[in-house]
Each structure stands twice: as C-alpha cells, then as structure tokens.
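Report on the following structure.
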Amino acid sequence: MENHTIIQVEDKVPFRLLIPLSIQHMFAMFGASVLVPFLFGINPAVVLFMNGLGTLLFILVTKGKAPAYLGSSFAFLAPAGIVIANWGYEYALGGFVAVGFAGCILAFIIYKVGYKWIDIVLPPAAMGPVVALIGLELSGSAASNAGLLDEVIDPRNAIVFFVTLGFAVFGSVLFRGFLSVIPILIAVIAGYVAAAITGILDFSAVMTAPIFALPNFSAPKFDLQAILIILPVILVITSEHIGHQVVTSKIVNRDLLKEPGLHRSLFGDNFSTMLSGLIGSVPTTTYGENIGVMAVTKVYSVQVIAGAAVFSIICSFIGKLSALIQTIPGPVIGGISFLLYGMIGTSGLRILVDSQVDYGKNRNQALTAVIFVTGLSGIKVNFGNVQLTGMVLACVTGMILSLVFYVFDKLKLTNDQ
C-alpha cells in the first residue's frame with residue numbers, strides 16, 4: 001500500500017479508470033444504504049436516486065473540495081419508526097424535511113461564528129477516540145451481515161465472507177498498477193463468484209423486475225408532534241458529520257473543516273436530507289464505507305465519487321439493474337465492511353499519533369479512556385424518543401469533559417498544563 005499513487009481530491013481520472021473506480025464506491029455504499037428503506041418498508045429505488053442526487057449536490061455546495069458519498073442515515077430509524085407507526089410514512093418525511101432545514105440553519109450559524117470551537121470541545125485526545133468509534137461500533141454490523149453472529153453459522157456464508165475479505169485485504173497490499181486502486185471492487189466480484197458457486201444467490205427478484213421503472217416519489221405531510229419526535233436527531237447527525245469530516249481530513253491530508261469549511265459540508269449534508277424528505281426518500285449522511293474505500297485505495301477524487309452518484313441515479317431507473325445489485329449477499333457486504341470499518345478505526349488512532357497526544361497528562365488519559373468505554377459499553381441515554389448511544393454518546397460525553405477541563409484551565413485549577 002505504501003507504493004500506491006495518491007489521486008487527490010481535485011485530480012481528473014481517465015475514463016477507463018473512472019468507471020471501475022466509481023462502481024467500486026457505489027458497491028461500497030450499497031449494502032448499508034438500501035437497508036434503511038427496507039426497514040422503513042419502501043422501495044429502495046427512490047433512495048438510490050436521492051443518494052446519487054444528494055452526493056452531486058454535496059459536491060456542488062462544497063465546491064468539489066470535500067470527497068464524500070451520501071448514503072442512507074441510520075440515525076433516524078428509532079424516531080421515524082414511531083412516527084410511521086402512529087401517523088404514516090408521509091409524516092416521517094415531514095420530520096426529515098424539518099431536521100434538514102434545522103441543519104441548514106445550524107450551518108449558517110457555524111458560518112458566522114467559525115469552527116475553532118471544535119478544538120476546545122473536541123481536542124485531539126477526544127477527537128481521536130470519537131473517530132475510531134465510528135468504525136469500531138460498526139464492526140458488529142459487518143459481522144452480522146456476514147452471518148457470523150448467527151447461532152448456527154452457515155459454512156457457505158463463512159466461505160464467501162473469507163473470500164471477500166481475503167481479496168480486499170491481500171489485494172490492497174499485493175496488487176500493483178491499476179489493480180491496486182480497485183481492490184474493493186475486485187473483492188466484491190470475487191465474493192459474488194464465491195456466492196454463486198456456494199449457491200446462496202437468489203435471482204428471482206431480477207427475473208420479475210421491469211427493465212425500466214420510475215422511482216416511487218411521494219410528498220411529505222407535516223404534523224408538529226411528529227416533527228418534534230424526529231427533530232432531536234439533529235444532535236446525532238451533527239456529531240456524526242463532524243467526525244466524518246475530521247477522519248476524511250486526516251485521510252486526504254487537508255483540513256476540510258477550514259476549506260471548503262464545516263458550514264458548507266454541513267449545509268450540503270442537511271440540504272440533501274431536506275430534499276430527500278420532499279421527494280419521498282430517507283435522510284442522507286456522509287458514508288463511512290466510502291471513507292474506508294478512500295483510506296484503502298488512496299483515491300480521493302471527487303470526480304470518482306460523482307461518477308458513483310451518477311451510476312446510482314441510473315440504477316434507480318433501471319429495474320433489473322437495481323434488482324441485480326440487490327442480489328449481492330450479506331457475506332460479501334460483510335467481508336468488505338470488515339476491512340473498511342477497521343480502516344476508519346485506525347484513522348482515529350492516527351489522529352492521536354499525528355497530533356502527538358501526550359498521555360503523560362492525566363487529562364488526556366481520562367478523556368480517551370472515558371470516551372472509549374462510553375462508546376463501547378452499550379450505555380444508552382434517552383432524550384424523549386431519541387436515544388444516544390455508541391459514538392454519539394461518547395462524543396457528547398467527550399465534549400462535556402473537554403469543556404470542563406477548559407474551564408479548569410482558565411481558572412488554573414489543573415496540575416498537568
């Protein structure tokens with residue numbers, strides 16, 4: 001991997017490379033992204049359309065300087081589920097619109113006051129473990145997708161998982177030339193072939209799907225009570241967004257919070273969520289899987305990510321192609337996610353190393369220790385219908401501790417300046 005040529009954010013990619021690199025990104029986001037509409041009970045075609053459109057809008061808003069693919073957000077599942085059960089999906093869409101609008105207002109506030117406050121509320125000793133938890137807390141979902149957490153493990157699933165993971169890991173280390181930038185795509189293909197050989201593929205949905213089909217667009221309805229149930233999610237998605245931008249900054253070796261600016265990326269993310277609610281799709285968020293792809297391949301070009309967005313939009317209109325992609329089995333998605341989530345975790349550790357965090361200072365030890373344990377302990381804190389747990393709860397805890405230490409410093413109460 002050390003010999004990989006880095007393709008930077010603004011670099012143009014030859015067409016012969018653009019297609020496979022873009023497809024690689026689309027496959028990386030696909031498994032988790034279409035799971036959200038399945039859980040909401042809606043057709044994923046409109047989600048594929050909005051993920052692609054939202055990504056293109058994000059690239060436009062951030063002036064092509066922040067590489068990110070927008071996939072379906074899991075943060076809304078619990079409160080949206082309550083709204084859907086009591087009022088219907090249309091009213092959940094209204095909540096999505098409200099959260100997106102609130103996020104756009106927050107982005108404007110950050111534009112006015114700046115982002116330097118992040119260094120106070122999340123210093124490196126706190127930000128490092130928070131970013132690491134983004135990947136670590138997702139590790140269980142990778143194993144679950146692969147079927148490795150089942151009470152009785154199907155050996156076919158295990159075979160497909162290890163084939164996929166093996167190609168992803170060893171391909172990223174051993175491949176040379178063009179193959180060295182598409183190890184994830186090759187791993188998906190290898191895993192898919194292994195799935196076909198072991199007999200766990202199901203093509204019935206492809207046979208019955210139409211060749212062309214319009215995404216199932218729908219309009220939102222608004223109810224104040226439904227909106228208030230979903231609105232607190234803004235805390236979750238903002239913490240998640242900041243973490244993603246920090247880890248991406250470390251990967252591409254640029255301060256994306258400064259340029260194009262946290263206000264731009266946060267606005268692009270939330271504007272996409274607002275638009276999603278207006279057309280019947282689920283909220284969007286910058287996707288950890290695609291951050292992992294960039295970490296593995298050293299390809300950061302927004303042109304590649306835009307290509308993935310275009311492919312996603314095309315798939316949303318081609319019924320059989322959309323159905324074919326949905327045949328990618330869980331062990332394949334789990335195999336690539338196993339590596340990608342781990343890469344995000346190590347990016348958090350890299351923050352600690354690059355920032356030269358001094359663990360001779362008690363406060364740094366305390367910050368990192370409390371954040372890791374909070375994020376991995378399974379503790380849940382409920383605010384109304386919104387539940388804080390994992391990385392988000394750890395982030396909030398870290399912010400509170402950091403602010404307390406900051407006040408202590410100002411009052412000259414600490415003994416490890």
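Side chains are part of it too, since the values below use all heavy atoms of this structure and drop only hydrogens, waters and symmetry mates.
- Between Y111 and F108, the angle of the ring planes lies from 30° to 60°, which puts this pair in the tilted group.
- Put simply, CD1 on I6 and CD1 on I251 are 11.5 Å apart, with the number rounded to the nearest 0.5 Å.
- A salt bridge is defined here as a Lys NZ or Arg NE, NH1 or NH2 lying under 4.0 Å from an Asp or Glu carboxylate O, and R254 with E259 fails to meet this definition.
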Let me see the working for H241 and T285 under side chain to side chain donor-acceptor pair (under 3.5 Å), right down to the final yes or no. CA-CA 7 Å; H241 179 88; T285 182; over 6 Å; no
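- Here CG of L17 is found 14.5 Å from NZ of K12. Values are rounded to the nearest 0.5 Å.
- Residues F212 and F317 keep their aromatic ring centres 6.0 Å or farther apart.
- Rounded to the nearest 0.5 Å, atoms OH (Y300) and CD (Q8) are 6.5 Å apart.
- At least one side-chain heavy atom of I19 sits under 4.5 Å from a side-chain heavy atom of F311.
- The distance from the CD1 atom of I84 to the CD1 atom of I42 is 8.0 Å, given to the nearest 0.5 Å.
- Side chains of T284 and S272: a donor on one and an acceptor on the other come within 3.5 Å.
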Ring pair (Phe, Tyr, Trp, His ring centres under 6.0 Å) between F338 and F161: does it pass, once the steps are laid out? CA-CA 9 Å; F338 219 74; F161 168 80; 5.1 Å; yes
Kindly indicate, with the supporting measurements, whether the criterion side chain to side chain donor-acceptor pair (under 3.5 Å) is fulfilled by Y359 and T368. CA-CA 9 Å; Y359 281 110; T368 301; 2.8 Å; yes
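- Interatomic distance, CG of N362 versus CZ of F405, reported as 9.0 Å (0.5 Å rounding).
- Listed here is the closest heavy atom pair of G375 and L133: CA-CD1, 3.8 Å.
- Under the side-chain contact (heavy atoms from CB on, under 4.5 Å) test applied with H25, the options I184, L185, T297, N290 reduce to a single match, N290.
- For the pair M26 and S312, the tightest heavy-atom approach, listed with the atom from each and the gap, is SD-N, 3.7 Å.
- For F217, the CZ atom counts as densely surrounded, since its 6.0 Å shell holds more than 12 non-hydrogen atoms of other residues, nucleotides or ligands.
- With hydrogens and angles left out, the side-chain atoms of Y192 and T327 include a donor and acceptor closer than 3.5 Å.
- Enclosure of atom OH in Y89 by more than 12 non-hydrogen atoms of other residues, nucleotides or ligands within 6.0 angstrom is indicated.
- Side-chain atoms of I242 and M127, non-hydrogen and from C-beta on, do get closer than 4.5 Å to each other.
- Between P220 and L278 the shortest side-chain heavy-atom distance falls below 4.5 Å.
- For the pair L93 and S276, the tightest heavy-atom approach, listed with the atom from each and the gap, is CD2-O, 4.5 Å.
- Summarising the geometry, atom CD1 belonging to I197 is positioned 10.0 Å from atom CD1 belonging to I159; distances are rounded to the nearest 0.5 Å.
- The two residues L352 and P129 come nearest to each other via the heavy atoms CD2-CD, 4.0 Å.
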